[in-house]
2 protein chains.
Amino acid sequence: MHGTAEQDILCRTDLFRGLSPDSLRELRRSASRRRLAIQDPVFHQGDPAETFYVVAEGRLRVTQTTADGQQVIIRYVGPAELAGLAVLAGDDLHPSTATAVADSEVIGISRAAIREIMARHPEVAVNAVSVIAARYREMQQRLREMSTQNVERRIAHTILRLAREAGRRTARGIEIAFPLSRQDLAEMTGTTLHTVSRTLSAWESRGLVDSGRRRVVVRRPHELAMLADATG
Amino acid sequence: MHGTAEQDILCRTDLFRGLSPDSLRELRRSASRRRLAIQDPVFHQGDPAETFYVVAEGRLRVTQTTADGQQVIIRYVGPAELAGLAVLAGDDLHPSTATAVADSEVIGISRAAIREIMARHPEVAVNAVSVIAARYREMQQRLREMSTQNVERRIAHTILRLAREAGRRTARGIEIAFPLSRQDLAEMTGTTLHTVSRTLSAWESRGLVDSGRRRVVVRRPHELAMLADATG
DNA sequence: GCGAATCTTTGCGGCGGATCAAAGCGCTGC
DNA sequence: GCAGCGCTTTGATCCGCCGCAAAGATTCGC
């Protein structure tokens, strides 16, 4: 039961998709499973990059902190996604911090194990290229957003993206299925919690969203998308 | 002469570093060489991603254009660097446009050729992971800058980065060795050419830089770096 | 060598969003 | 069940940067 679930999630990742059952079994032997409570750290910015993680369940927040103490959220990572990509690239240190934002379960894979697998199974290395390239594209898109769009559109895009990645259908609309504060949204969009709060309040009064303490529900995704794509 | 130079540049890239002479020779056979005059396009955003390029000489500018026509400069690419990474990842379309900003020479490698090489030489695929991961890190850094720094610091960082990548020592200081307009700097920093112009004028009067029509010389790199790292 | 096109500079006014301040609300823990 | 902490809201003010406009510099083509 235990082992089966683990194998399932590993072969559902873009990284290990298509790997032979034998290799998966071998991989499993060198992998370690870890349960995380909400708020638990997975790794810290500046730690030696020795292990990367596949999220089996739950969600992680990946952040970077600048020299002067400002924090930026790079990404949220959900089931079958990876955290700690620096390990794949053979970098020495983790450039970011990963923290659980929900009770989670992750599978840790050591640098040595993955590098050995990539060397022996070129298809895994090729998959790794695709995985990181996808992240790179994501980051390009966000940079473009930051460069060309005003705050309201950036917040709209961010919320729609999160709703897509981690949305749960409910009677009232699509609920983002993990605690998400105004401060978090500010750190994803390069603004302040005050501006996020004002923006959400305005949307709430127009019936676009329904939000509260660390909670966002998108009530009218289509109208929010219109707003996100409008020029300005 | 021709062939030797090509092999030289290929094995100086991070992607093909360490590849055996035989494999390099084979690679060379499937590669095509192309000369570019300033302003020549290499590929366009939306083109099928069939070929990626190693810059042998000169410099390319990689840009993305948004739906509403705004342009963002993703990066400049110099000798021994790659353009068209989407091809490595097996994506269908080029997400960006590459244009020569100096007379250049590039070596084109087809999607089929590189994928075959990666499948047969895992070390190339592993190198590809590192190459793209480095770009990903770069992009994270720029996103962090855009999120947390004011325009002046962003311009300072950008100019210092360009000076590092493409700087030429001269009597007056470090000259950025390709034409670079106010508009270009604006598209790299998410501001307007007006603000860039004002900023450079202010620096010029303090003796930090010396700039003119599509030309920037850093006269006091250290002081500019102080400014770039100052809080604010 | 002259005109045109392109790039740059600079002034001015306005506004989006940051900052500061303070009160309201909702969890959580004991 | 109440105290206290963390999150959110909202107001008021301020300023960095944009947008517009127009003139000045530099390069290019014929």
Side-chain angles (χ1 to χ4, degrees), chain A residues 37-39 61 68-73 99 101-102 145-156 158-159 176 178-206 209-217 227 230-232, chain B residues 37-39 61 68-73 99 101-102 145-156 158-159 176 178-206 209-217 227 230-232:
Chain A
I38 193 168
Q39 303 264 18
R61 178 181 54 210
D68 49 313
Q70 296 201 75
Q71 207 178 63
V72 176
I73 296 182
T99 313
V101 294
E145 277 180 26
M146 283 292 301
S147 299
T148 63
Q149 300 177 358
N150 65 15
V151 168
E152 187 177 32
R153 284 183 68 183
R154 299 206 300 269
I155 299 174
T158 300
I159 287 182
I176 293 176
F178 60 89
L180 181 72
S181 70
R182 308 293 183 258
Q183 176 69 33
D184 292 331
L185 281 167
E187 288 175 9
M188 299 185 80
T189 53
T191 180
T192 62
L193 76 160
H194 307 278
T195 297
V196 172
S197 177
R198 279 182 244 270
T199 303
L200 289 185
S201 293
W203 290 349
E204 190 130 19
S205 70
R206 291 170 54 188
V209 301
D210 172 14
S211 72
R213 191 188 172 87
R214 273 139 86 66
R215 189 181 60 82
V216 178
V217 180
L227 201 158
T231 299
Chain B
I38 193 168
Q39 302 263 21
R61 180 181 54 209
D68 49 312
Q70 297 201 74
Q71 206 177 64
V72 177
I73 296 182
T99 313
V101 295
E145 277 180 26
M146 283 292 301
S147 299
T148 63
Q149 299 177 359
N150 65 14
V151 167
E152 186 177 32
R153 284 183 67 183
R154 299 206 301 268
I155 299 174
T158 300
I159 288 182
I176 293 176
F178 59 90
L180 181 72
S181 70
R182 307 292 183 260
Q183 177 69 34
D184 292 332
L185 281 167
E187 289 176 8
M188 299 185 79
T189 53
T191 180
T192 62
L193 76 161
H194 308 278
T195 298
V196 172
S197 178
R198 280 181 246 269
T199 304
L200 289 185
S201 293
W203 289 350
E204 189 130 19
S205 70
R206 291 169 55 188
V209 301
D210 173 13
S211 73
R213 191 187 173 85
R214 276 142 79 69
R215 189 181 60 81
V216 178
V217 181
L227 200 158
T231 300

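Naming: A, B, ... by sequence-line order, numbering from 1 per chain. Worth knowing before you read on, the calculation uses all heavy atoms, side chains too, and leaves out hydrogens, waters and symmetry mates.
- One interatomic measurement links the two molecules: CZ of B/R182 to P of D/dT27, which rounds to 12 Å at whole-angstrom precision.
- When heavy atoms are screened at a 4.0 angstrom cut-off, A/S201 is found touching the sugar-phosphate backbone but no base atom.
- Between A/S181 and D/dG6 there is no side-chain N or O to OP1 or OP2 distance below 4.0 Å.
- Partners of B/R182 under the salt bridge (charged side-chain N to carboxylate O under 4.0 Å, His left out) rule, at least two apart in sequence or in another chain, do not exist in this structure.
- Mapping heavy-atom proximity under 4.0 Å, the span of DNA chain C touched by chain B runs 5' to 3' from C/dT6 to C/dC12.
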Hey, what are the protein-to-nucleotides 21-25 of chain D N/O distances that come in under 3.5 Å?
unit_1, atom_1, unit_2, atom_2, d
D/dA21, N6, B/H194, ND1, 3.4

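- Scored by the salt bridge (charged side-chain N to carboxylate O under 4.0 Å, His left out) test, B/R215 finds B/D210 as partners (sequence neighbours excluded).
- Within 4.0 Å of A/R198, counting heavy atoms only, lies at least one base atom of the nucleic acid.
- If you check every strand for non-hydrogen atoms under 4.0 Å, B/L193 touches a base.
- In this structure, A/W203 atom CH2 and D/dT8 atom C1' are separated by 16 Å, rounded to whole Å.
- Taking five base pairs at each end of the helix from C/dG1-D/dC30 to C/dC30-D/dG1, the local helix axes there meet at an angle of 50°, rounded to 10°.
- Side-chain contact between A/T199 and A/T191: absent, with no pair of heavy atoms (C-beta onward) separated by less than 4.5 Å.
- Residues A/I159 and A/W203 meet the side-chain proximity criterion, which asks for heavy atoms closer than 4.5 Å.
- Expressed to the nearest 0.5 Å, how far CZ of A/R154 lies from CE of A/M146 amounts to 4.5 Å.
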Is there any protein nitrogen or oxygen under 3.5 Å from a nitrogen or oxygen in nucleotides 13-17 of chain D, and what are the pairs?
unit_1, atom_1, unit_2, atom_2, d
D/dC17, OP1, B/V151, N, 2.9

